[in-house]
Amino acid sequence: MVWDFFLGNLPPCYYDGRLRFYLIFIDMISIQTQLRAIVSTALGKAFGAEYSEIDPMVVPAGRPEFGDYQCNVTFSLAKPLKNSPRNLSQQLLDHLDVSDICEPPEVAKPGFINFKIKPSYLETQIGALQSDSRLGVEKVKDPLKAIVDFSSPNIAKEMHVGHLRSTIIGDSIARILEFRGHDVLRLNHVGDWGTQFGMLIAYLREAYPDALTKADALDLGDLVAFYKKAKKRFDEDADFKETARKEVVKLQAGDPESLKAWQLLCDQSRREFQQIYNRLDINLTERGESFYNPKLPDVVADLEAKGLVVEDAGAKCVFLDGFTNKEGDPLPLIVQKSDGGYNYATTDLAAIRYRVKEDGGDRIIYVTDAGQANHFAQVFQVAQKADYLPENVEVTHVPFGLVLGKDGKRLKTRSGETVRLKDLLDEAVKRAYQDLETRLVAEDRQETEEFKTDVAKTIGLSSVKYADLSQNRTSNYIFDYDKMLELKGNTAPYLLYAYARVQSISRKGEIDYEKLDADAKVLLKEDQELVLAKHILQLSEIIKEVESELLPNRLCQYLFELSQKFNQFFENCPVLKSDEPLRTSRLILCHLTAQTLKLGLSLLGIEVLERM
RNA sequence: GGGAGUGUAGCUCAAUGGAAUAGAGUAUCGAUCUUCUAAAUCGAAUGUUGUAGGUUCGAGUCCUACCACUCCUGCCA
């Protein structure tokens with residue numbers, strides 16, 4: 001009966017996006033999906049074939065006492081079928097055969113149908129997970145070419161707190177898409193082109209000429225200082241401004257000396273960025289703004305050929321629908337400045353065009369701060385007008401809020417400077433180290449320096465990542481070392497501790513989880529066992545949801561709850577002291593918990609610790 | 001002026017497609033270590049979901065107006 005659903009006509013409500021179609025139909029048949037299929041079939045039998053195509057409205061139960069899943073569909077049928085939800089549910093029930101999966105379903109007073117999963121069914125499902133390294137999360141059958149544009153620091157500047165969220169969120173999104181089997185291109189759209197270079201080269205030429213010809217003549221910190229001085233001169237000194245402008249022209253014209261200098265600056269920055277990326281375990285393919293530079297004239301020419309360009313005050317503009325200025329006139333997207341130069345809008349248009357045509361992107365994701373929402377809406381609109389975006393290509397701006405200090409204002413150092421990413425990570429690791437030492441002393445534990453360094457590094461970095469990922473992306477978030485390193489609550493250390501606890505059981509019992517009997521029966525008797533098993537089985541639904549909604553905090557929430565449920569199990573269900581076959585059954589639950597935590601955390605870019 | 005976002009417990013945040021009594025954590029108070037790491041668990045208390053209307057059998061969620069804060073608004077990215 002499940003297959004009727006897959007092979008039959010697809011309900012129209014699934015077609016609200018191509019993606020959703022993939023998401024729901026390719027995967028292993030989760031419990032929720034099976035129930036949906038069964039309810040759909042029953043709807044057809046009870047009320048007529050057309051009703052098998054409506055949304056069956058099967059969702060996780062709102063409260064434990066209502067069971068595990070609930071069906072709300074008859075509420076929406078009350079009007080068209082001129083009957084009460086309660087009566088309709090009763091009729092539906094007559095055609096509903098869920099005896100393999102659930103206890104006999106019940107109609108609750110208002111008309112909800114409540115499903116409670118049979119422990120025997122959970123035992124079978126959990127048993128099946130044992131031999132599945134993907135823990136029930138199947139790969140999509142038709143992978144998309146996904147492009148995730150994230151991190152994007154600026155050459156000749158240091159990575160700072162402003163790059164934190166894009167880097168961490170983008171990486172996690174990329175990992176999740178990759179795990180689902182999509183072909184993911186992780187692009188680092190670095191700021192490696194434009195007026196800043198003319199400015200910088202002009203300044204270095206007079207102040208520190210060696211930096212333009214020799215590799216590593218300066219370290220990046222100096223470079224940043226020079227950048228600031230150059231910017232200051234640029235803003236204050238008209239002659240310097242002109243010199244800088246000439247440098248840009250030289251560079252853009254491909255003057256070998258200028259190109260060499262530019263190359264040196266980029267290389268130096270690149271190495272600095274790479275240190276941060278290595279530390280955070282982040283892979284990126286660099287394709288900066290300069291990559292698109294040669295393609296910009298053609299983009300403008302193409303827009304002109306398509307009749308989209310209007311010249312206004314010397315600038316070439318594409319006027320937009322739905323955006324107006326203070327006077328109420330349409331707002332332009334400037335694609336070529338009055339001085340003939342191009343700006344980021346042009347680059348972004350060239351990038352979209354390239355990513356669709358050359359990279360074959362199906363789903364293009366931009367992870368940047370929410371402040372750029374307007375910009376992307378405008379660029380996407382123009383791309384659409386210019387036919388750069390076929391209907392089957394989805395472009396999404398994934399916005400995120402600001403990183404704030406405890407005072408609720410933009411995070412700054414004490415002297416009011418932007419916080420360098422390196423310093424921020426160092427501080428987190430340092431504090432993690434101090435916390436660890438305090439704890440070791442309190443518990444009278446002896447550990448090697450290597451252990452302490454390693455644990456502090458993992459805890460510090462994962463705390464920063466988790467604090468960021470566990471909040472709803474779109475709102476601002478308050479950066480607080482004390483909170484993120486806290487050992488309790490929804491924090492990285494709490495999850496890491498749950499994992500370490502599972503591992504400590506195997507160590508104590510000298511058990512190799514990998515060598516447990518794969519055919520051993522899992523027994524679910526205690527509440528805590530049932531609750532834990534049900535939760536483990538929900539992983540695939542959560543991953544799919546994050547894949548479509550691009551909200552990693554949902555995965556964090558899931559892992560936090562998993563940790564809580566494991567701790568409750570740990571508290572109430574002795575493992576090593578139980579008799580067989582219960583002992584092996586519980587060890588299997590432990591192992592599955594550990595694997596789920598490890599997998600889930602890895603999708604957040606977080607490594608686990610065997611001991612901490 | 002226009003546009004976007006945010007507004008939920010003292011604090012930090014959830015809330016899946018509108019669904020039964022809006023949930024966690026934290027802080028506070030209390031309980032549990034002869035027991036696999038107590039970094040844990042259990043219990044208590046905490047709300048006019050910014051305001052006012054509307055749609056609906058049902059609204060934190062959808063619509064309208066308003067308030068507060070943040071960001072964007074023609075040659076920066």
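Treat the numbers as computed from the prediction; the structure is a model and nothing was measured. So you know, we letter chains A, B, ... as the sequences are listed, proteins then strands, and number each from 1.
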Chemist: B/rU61 and B/rU51: how far apart are their P atoms, nearest whole angstrom?
Modeler: 11 Å
Chemist: So do the side chains of A/Val608 and A/Leu495 get within less than 4.5 Å of each other, counting heavy atoms only?
Modeler: no
Chemist: Output the residues of residues 325-334 of chain A in contact with RNA chain B, where contact means a heavy atom of the residue under 4.0 Å from an atom of the strand; sort by number or write none.
Modeler: A/Asn325, A/Lys326, A/Leu331, A/Pro332, A/Ile334
Chemist: Does NZ or CZ of A/Lys488 come closer than 6.0 Å to the centre of the six-membered ring of A/Tyr494, within 45° of the ring's axis?
Modeler: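 Geometry flag: not set, cation outside 6.0 Å or 45°.
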Chemist: Does OP1 or OP2 of B/rU41 have a side-chain N or O of A/Tyr494 closer than 4.0 Å?
Modeler: yes
Chemist: Does either side chain, that of A/Asn567 or that of A/Arg501, offer a donor lying less than 3.5 Å from an acceptor on the other one?
Modeler: yes
Chemist: Does B/rC36 have its OP1 or OP2 closer than 4.0 Å to a side-chain nitrogen or oxygen of A/Arg583?
Modeler: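 Indeed not, no polar side-chain atom of A/Arg583 lies that close.
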Chemist: In chain order, what residues pass the ring pair (Phe, Tyr, Trp, His ring centres under 6.0 Å) check against A/Tyr344, with sequence neighbours excluded?
Modeler: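 Only A/His375 meet the ring pair (Phe, Tyr, Trp, His ring centres under 6.0 Å) criterion with A/Tyr344.
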Chemist: Could you give the distance separating B/rG23 and B/rU49 at their P atoms, to the nearest angstrom?
Modeler: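 The same atom, P, in both gives a distance of 13 Å.
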Chemist: Look at all strands and tell whether A/Glu561 reaches a base, only sugar-phosphate, or nothing, counting heavy atoms closer than 4.0 Å.
Modeler: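 A/Glu561: no heavy atom of the nucleic acid under 4.0 Å.
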Chemist: Centroid-to-centroid, A/His189 to A/Tyr366, below 6.0 Å?
Modeler: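 Centroid separation for A/His189 and A/Tyr366: 6.0 Å or greater.
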Chemist: Determine the contact category for A/Gly371: base if any of its heavy atoms lies under 4.0 Å from a base atom, sugar-phosphate if only primed atoms, P, OP1 or OP2 are that close, otherwise nothing.
Modeler: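 Sugar-phosphate, no base atom in range.
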Chemist: Both A/Gln196 and A/Gln70 contact RNA chain B. Which one's nearest nucleotide lies toward the 5' end?
Modeler: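 Whichever sits nearer the 5' end wins; that is A/Gln70.
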Chemist: Is A/Lys79 close enough and on-axis enough to A/Phe75, meaning under 6.0 Å and within 45°, for cation-pi?
Modeler: no
Chemist: Mind calculating the distance between CZ (A/Phe566) and P (B/rU41) to the nearest angstrom?
Modeler: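 It works out to 11 Å between those atoms.
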Chemist: Does B/rC36 have its OP1 or OP2 closer than 4.0 Å to a side-chain nitrogen or oxygen of A/Arg586?
Modeler: no
Chemist: Quick one: stems involving RNA chain B, counted as three or more successive Watson-Crick or G-U pairs, both distances short of 3.5 Å.
Modeler: B:1-7 with B:67-73, B:10-13 with B:23-26, B:28-32 with B:40-44, B:50-54 with B:62-66
Chemist: Return the nearest nucleotide to the side chain of A/Met57; candidates are B/rC75, B/rA19, B/rU41.
Modeler: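 Nearest nucleotide to the side chain: B/rA19.
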Chemist: Is A/Phe75 stacked on the base of B/rA19 when the test is centres under 5.5 angstrom and planes under 30 degrees?
Modeler: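 Check failed, A/Phe75 does not stack on base of B/rA19.
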Chemist: When you measure from the side chain of A/Ile505, which nucleotide among B/rC36, B/rU6, B/rA19 comes out closest?
Modeler: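 When the side chain of A/Ile505 is considered, B/rC36 is the closest of B/rC36, B/rU6, B/rA19.
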Chemist: Any idea if B/rC33 is syn or anti, going by the 90°-from-0 cut?
Modeler: syn
Chemist: Can you tabulate the close N/O pairs, meaning under 3.5 Å, that link protein atoms to atoms of nucleotides 21-27 of chain B?
Modeler:
residue: B/rU21; atom: O2'; partner: A/Arg63; partner atom: NH2; Å: 2.4
residue: B/rU21; atom: N1; partner: A/Arg63; partner atom: NH2; Å: 3.4
residue: B/rU21; atom: O2; partner: A/Arg63; partner atom: NH2; Å: 2.6
residue: B/rA27; atom: OP1; partner: A/Lys488; partner atom: NZ; Å: 3.4

Chemist: Partners of A/Ser89 by side chain to side chain contact (heavy atoms under 4.5 Å, CB included), sequence neighbours excluded?
Modeler: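 For A/Ser89, the residues satisfying side chain to side chain contact (heavy atoms under 4.5 Å, CB included) (neighbours in sequence not counted) are A/Thr74, A/Val107, A/Ile113.
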Chemist: Apply side chain to side chain contact (heavy atoms under 4.5 Å, CB included) to A/Lys316 and list each qualifying residue two or more places apart in sequence or on a separate chain.
Modeler: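 A/Lys316: side chain to side chain contact (heavy atoms under 4.5 Å, CB included) contacts with A/Val300, A/Glu304, A/Val309, A/Glu311, A/Val335, A/Gln336.
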Chemist: Counting just side-chain N and O atoms, does A/Gln471 come under 4.0 Å of either OP1 or OP2 of B/rC13?
Modeler: yes
